[in-house]
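Each remark here refers to the structure printed beneath this line.
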Amino acid sequence: MSGPALRLAVELDGDGAHPAAWRRAAHSPDHLLTPRRVARVAAAAENAGFTLLTLEDGALPPGATPDVVGRIGAVERAAFLASSTSVIGIAPVVPVTYAEPFHISSQLASLDHISIGRAGWAVSEEARPEAARAWDRPRVDGAAARVRESRDGVEVVRALWDSWEDDAVIRSVATSRYLDRDRLHYVDFTGDTYAVKGPAIVPRSPQGQLVVLGRPDLVPAEQLDVALVEGRDVAAVTAAAAAAGTPRTFAEVEVALDTVAATADERVADLERHTPWTDRGRLRHIGSAAGLAALLGELRGVVDGVRLHPLVLDEDLPELSRLVLPHLFERRHAVRPLPGASLRTHLGLERPANRYAAGAAFEALEETR
Amino acid sequence: MTRTDPLDVPRPDAQLHFGVFFQGVNHWTIWSDPASGSQIDPANFRRVAQTAERGLFDAFFLGEGLRLREVDGQIHDLDVAGRPDAITQLAALAAVTDRIGLVSTSNTTFNEPADLARRLSGLDLLSEGRAGWNVVTTDNAWTGANFRRGGYLDHADRYRRAEEFLTVARAIWDGWENGAVSGSPGAPAWAAPGAVRQVRHKGPQFDVDLAPTLPRSVQGHPVIFQAGDSGDGRDFAARNADVIFSAHGSDFDDALAFADDLRYRLRAVGRPDDDLRILPGTEIIIGATEEEALEKKHWIRLQQVTPATALGIAGLLWGLDLSDRDADGPLPKEDPVVAENDGSFGARRITDPRKVVAEWREKAETHRWSLRETVIALGPQRGHVGTPAGLADKFAHFVRHGAVDGFNVTPYLIPDGLDDIVDLLVPALQERGVYRTEYTGTTLREHLGLREPLTHRSTTDRRQAG
Ligand SMILES: Cc1cc2nc3c(=O)[nH]c(=O)nc-3n(C[C@H](O)[C@H](O)[C@H](O)COP(=O)(O)O)c2cc1C
């Protein structure tokens with residue numbers, strides 16, 4: 001298959017995609033929540049040539065006992081990684097079902113400043129009722145209500161990212177003004193359940209708008225830059241990608257590779273003795289590096305990129321780094337990110353004009369007529 | 001005051017603690033000078049934090065303001081504004097610093113305990129025990145327009161909510177037994193059975209039920225700071241805080257009175273009176289000679305109090321819009337208007353503006369000051385001015401007499417405004433034996449010489465008793 005080269009993303013939460021991955025990790029369990037471990041895995045992904053890393057999150061524990069029940073917030077991990085990496089894009093998962101959109105907007109805009117334009121946002125939702133008890137908020141019940149919260153949340157966050165024009169800080173010594181208040185905008189959002197005034201407290205960030213990723217069934221397509229599409233086989237992924245209606249599509253791919261010590265099947269079977277690897281309806285490759293490279297080659301032209309979910313990070317990342325990514329880069333089936341470029345640039349997405357600035361320019365034009 | 005007669009002072013061995021406050025929104029940070037850098041560029045945050053660390057500071061602080069300030073319904077455009085989210089910025093700094101504490105100002109009114117407690121724990125783990133939390137309550141409903149709940153909570157309720165918020169946060173931080181996570185991949189479970197407790201809290205403000213997701217850091221809990229001056233604020237600090245920020249650090253007698261008041265309040269709630277560190281915010285202006293320092297101060301004040309800023313400050317005092325007046329002319333002839341507090345930034349609690357204006361008029365006449373000169377001389381005052389040796393003597397006096405435990409320094413210039421403090425004042429303090437010569441611990445709690453977190457102390461005591 002041909003088509004533009006793929007962009008490669010990898011999900012780095014916990015010890016891997018399998019709930020029991022911690023049993024095969026190269027470190028003791030109590031090192032999972034340490035800065036050294038967080039930085040080491042991201043460095044491995046950056047050195048391998050991934051364009052983007054994502055970090056899963058939510059208010060509830062990541063799994064149930066006997067598996068991992070601890071997790072540092074994705075935004076905090078992302079910010080920490082933004083200053084310990086230099087090229088890779090970083091997208092924390094942030095559910096917007098109960099959180100304050102104003103806080104999310106500030107946190108993510110800050111991440112974009114800190115990473116000098118390498119930040120994204122993987123939008124998700126808190127589907128479990130226990131999340132409402134943790135947040136002490138009225139329960140958002142049912143898929144439709146959660147979609148409403150996501151839609152409103154993303155709308156507010158994006159509006160706040162535009163609420164400062166790029167050059168709102170003028171430092172005009174002549175007029176004693178630090179800000180040009182005409183370049184700051186109230187967002188005046190009123191949704192179904194709340195209202196937000198604005199403007200943001202964070203100046204517009206390097207990318208203007210962060211790259212927003214999400215599932216098209218959970219977030220309206222027009223609010224997404226990248227749809228994360230699922231499907232058990234290439235045909236299903238092709239159909240999902242074609243239907244997404246977003247500027248970019250990434251396929252979700254779960255991966256377990258053969259290693260020197262054990263085959264992929266053996267590795268999966270070992271973990272399955274403890275906990276099942278839930279089938280989420282995603283492509284799943286269990287086998288050789290060459291087989292994965294072939295599958296990804298097939299996805300070229302179907303999607304713009306893939307997000308890999310390695311079975312066990314400590315085992316699969318080295319194999320991806322050693323065998324799969326070099327193979328893809330050599331054949332130009334995938335590209336590495338370039339130092340100094342923004343995540344938008346890496347994904348071939350333009351830096352969006354500010355919605356309010358465009359309006360202001362239009363008004364000025366009207367006035368001169 | 002020197003070390004030769006240590007017994008003359010109540011605290012001969014006391015050491016000064018420094019924090020640096022990278023201010024977000026204020027008119028004290030000079031933005032008009034060519035040397036003033038971006039207030040959002042991450043390189044400047046790194047530069048200030050690393051300079052402070054080089055100077056063996058205890059902590060790097062960020063403030064919080066969740067709505068842009070307005071005066072008379074218009075966004076206030078004269079001062080520095082625009083800032084990163086504090087915890088996010090501090091998590092980034094955790095990766096590029098080793099020892100310095102990282103303190104986030106985060107309010108308890110427009111956050112929820114489970115979320116904020118978890119974010120702070122994350123910072124504490126990523127920095128390996130260097131996190132602090134300056135608990136503020138947000139004193140305007142006007143910020144509420146940016147949040148789901150809208151504006152709400154009067155003054156008294158804000159501290160009630162803050163206190164219960166802190167109780168829930170502490171329960172979450174204590175939710176995991178020490179050593180809850182197994183040390184071996186061969187263990188039957190990742191966390192030992194029963195080592196992670198569900199937190200259930202039902203009170204007037206909060207009704208939560210959650211499984212905490214994080215272990216305690218090496219310092220136990222983030223260090224709790226409080227910044228608030230009212231009686232309620234001080235009592236809250238006495239019951240809950242490890243450190244208090246104050247505005248009582250310029251005048252020795254005023255600082256000592258504040259410190260004595262807090263020590264009284266601490267004893268009243270059954271805490272040792274050395275359980276709380278007092279770190280007033282201050283500006284420090286250094287010159288090679290006293291004259292040079294005063295000249296520098298004059299220059300700094302002119303940058304900080306521009307004609308427009310002077311008219312703004314005077315406008316708050318008079319309760320009038322004075323923006324079209326001449327700041328270099330005389331004081332306004334009008335009598336001040338006693339304005340209603342509408343809760344916005346523009347409202348200041350000046351109890352008797354008539355009296356203040358009368359004083360201003362009298363002094364201005366005597367010294368032939370313009371309005372701007374009057375604002376500079378009599379308006380909001382702050383800080384210490386002098387030579388490194390003079391300041392070191394003065395600070396040694398403050399700390400050895402128990403008036404302060406240190407200062408939270410607000411540099412007037414970003415990113416280089418801390419350099420002369422670190423390069424000139426710190427060595428002078430070290431010579432006098434009132435400042436550390438190396439970090440002796442790794443956590444913020446250790447830097448500040450604090451005891452264990454309040455909740456954990458009682459557990460330890462219980463264990464000892466049992
Ligand atoms: C040194 C200092 C720093 C403060 N920083 C902040 C801040 O960054 N954000 C904020 O909302 N309030 C800040 N405050 C305000 C206090 O948190 C508090 O809301 C205010 O002083 C009113 O409380 P009080 O009535 O107890 O004095 C600060 C106060 C002081 C004294």
Side-chain angles (χ1 to χ4, degrees), chain A residues 22-25 28-30 33-35 38-39 59-61 65-73 75-77 79-80 82-84 99-100 102-103 106-107 110-111 113-114 116 130 133-137 164 169 171 173 176-181 184 193-199 201-203, chain B residues 31-32 40 42 65-68 74-75 77-85 87-89 91-96 110 112 114-115 118-119 122-123 125-128 145-148 150 181-185 187-191 193 196 206-211 213-215 306-309:
Chain A
W22 64 275
R23 296 181 188 274
R24 297 187 65 91
S28 70
D30 55 0
L33 307 175
T34 62
V38 170
L60 304 174
T65 35
D67 293 321
V68 180
V69 293
R71 172 146 75 194
I72 298 174
V75 170
E76 291 74 73
R77 274 180 290 161
F80 179 83
S83 56
S84 58
E100 293 286 358
F102 192 87
H103 287 321
S106 304
Q107 291 162 15
S110 302
L111 181 65
H113 281 289
I114 293 161
I116 317 177
E130 302 95 285
R133 302 284 294 123
W135 274 98
D136 192 14
R137 292 217 200 272
W164 289 56
V169 174
R171 293 178 182 248
V173 177
S176 287
R177 289 180 311 140
Y178 181 81
L179 297 176
D180 178 356
R181 63 164 77 104
L184 293 168
T193 58
Y194 59 90
V196 174
K197 181 79 184 166
I201 54 162
V202 189
Chain B
W31 54 259
S32 55
I40 191 71
L66 298 174
R67 176 132 178 222
L68 286 191
Q74 287 211 299
I75 290 171
D77 58 1
L78 303 179
D79 302 347
V80 161
R83 56 177 13 143
D85 173 74
I87 295 177
T88 311
Q89 180 64 58
L93 291 174
V96 294
F110 300 106
E112 306 308 325
D115 181 53
R118 179 165 181 259
R119 300 189 70 221
L123 176 63
L125 290 169
L126 291 169
S127 64
E128 302 191 282
N146 284 333
F147 295 94
R148 287 177 186 264
V181 186
S182 91
S184 147
W190 189 82
V196 176
F206 300 104
D207 180 4
V208 293
D209 184 351
L210 71 135
T213 55
L214 288 173
T306 63
T309 294

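Below, chains carry the letters A, B, ... as their sequence lines are ordered, and counting in each starts from 1.
Among B:T306, B:T309, B:L126, B:V208, the residue making the largest number of heavy-atom pairs under 4.5 Å with chain A is B:L126. Annotation: maximal heavy-atom pairing with chain A below 4.5 Å, among B:L125, B:V181, B:D209, occurs at B:D209. Comparing B:S182, B:G150, B:A94 by how many heavy-atom pairs each has under 4.5 Å with chain A, the most go to B:S182. Ranked by non-hydrogen atom pairs under 4.5 Å with chain B, the options A:I201, A:V196, A:V202 are led by A:I201.
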Apply side-chain contact (heavy atoms from CB on, under 4.5 Å) to the pair B:L68 and A:W164, showing each step before the final yes or no.
CA-CA 11 Å; B:L68 286 191; A:W164 289 56; 3.9 Å; yes
Kindly indicate, with the supporting measurements, whether the criterion side-chain contact (heavy atoms from CB on, under 4.5 Å) is fulfilled by B:L123 and A:F80.
CA-CA 9 Å; B:L123 176 63; A:F80 179 83; over 6 Å; no
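In this structure, the ring pair (Phe, Tyr, Trp, His ring centres under 6.0 Å) partners of A:H103, at least two apart in sequence or on a different chain, are B:F147. Not counting sequence neighbours, the partners of A:R137 by the salt bridge (charged side-chain N to carboxylate O under 4.0 Å, His left out) test are A:E100, B:E112.
Heavy-atom distances place no part of A:A39 under 4.5 Å from chain B, backbone and side chain included. Of the atoms belonging to A:A59, it is backbone heavy atoms, and not side-chain ones, that fall under 4.5 Å from chain B. Heavy-atom distances place the side chain of B:I87, and not its backbone, under 4.5 Å from chain A. The contact between A:D136 and chain B is made by backbone and side chain atoms together, counting heavy-atom distances below 4.5 Å. The part of A:L60 that comes within reach of chain B is its backbone (N, CA, C, O), which places non-hydrogen atoms under 4.5 angstrom from that chain.
A:S83 contributes a side-chain N or O that, together with a main-chain N or O of B:A92, makes up a donor-acceptor pair within less than 3.5 Å. Between the A:R181 side chain and the B:I75 main chain, a donor and an acceptor come within less than 3.5 Å of each other. With hydrogens and angles ignored, the 3.5 Å screen pairs no side-chain donor or acceptor of A:R77 with any backbone N or O of B:A91.
Nearest approach of A:H113 to B:P42, heavy atoms of both residues: O-CG, 3.2 Å.
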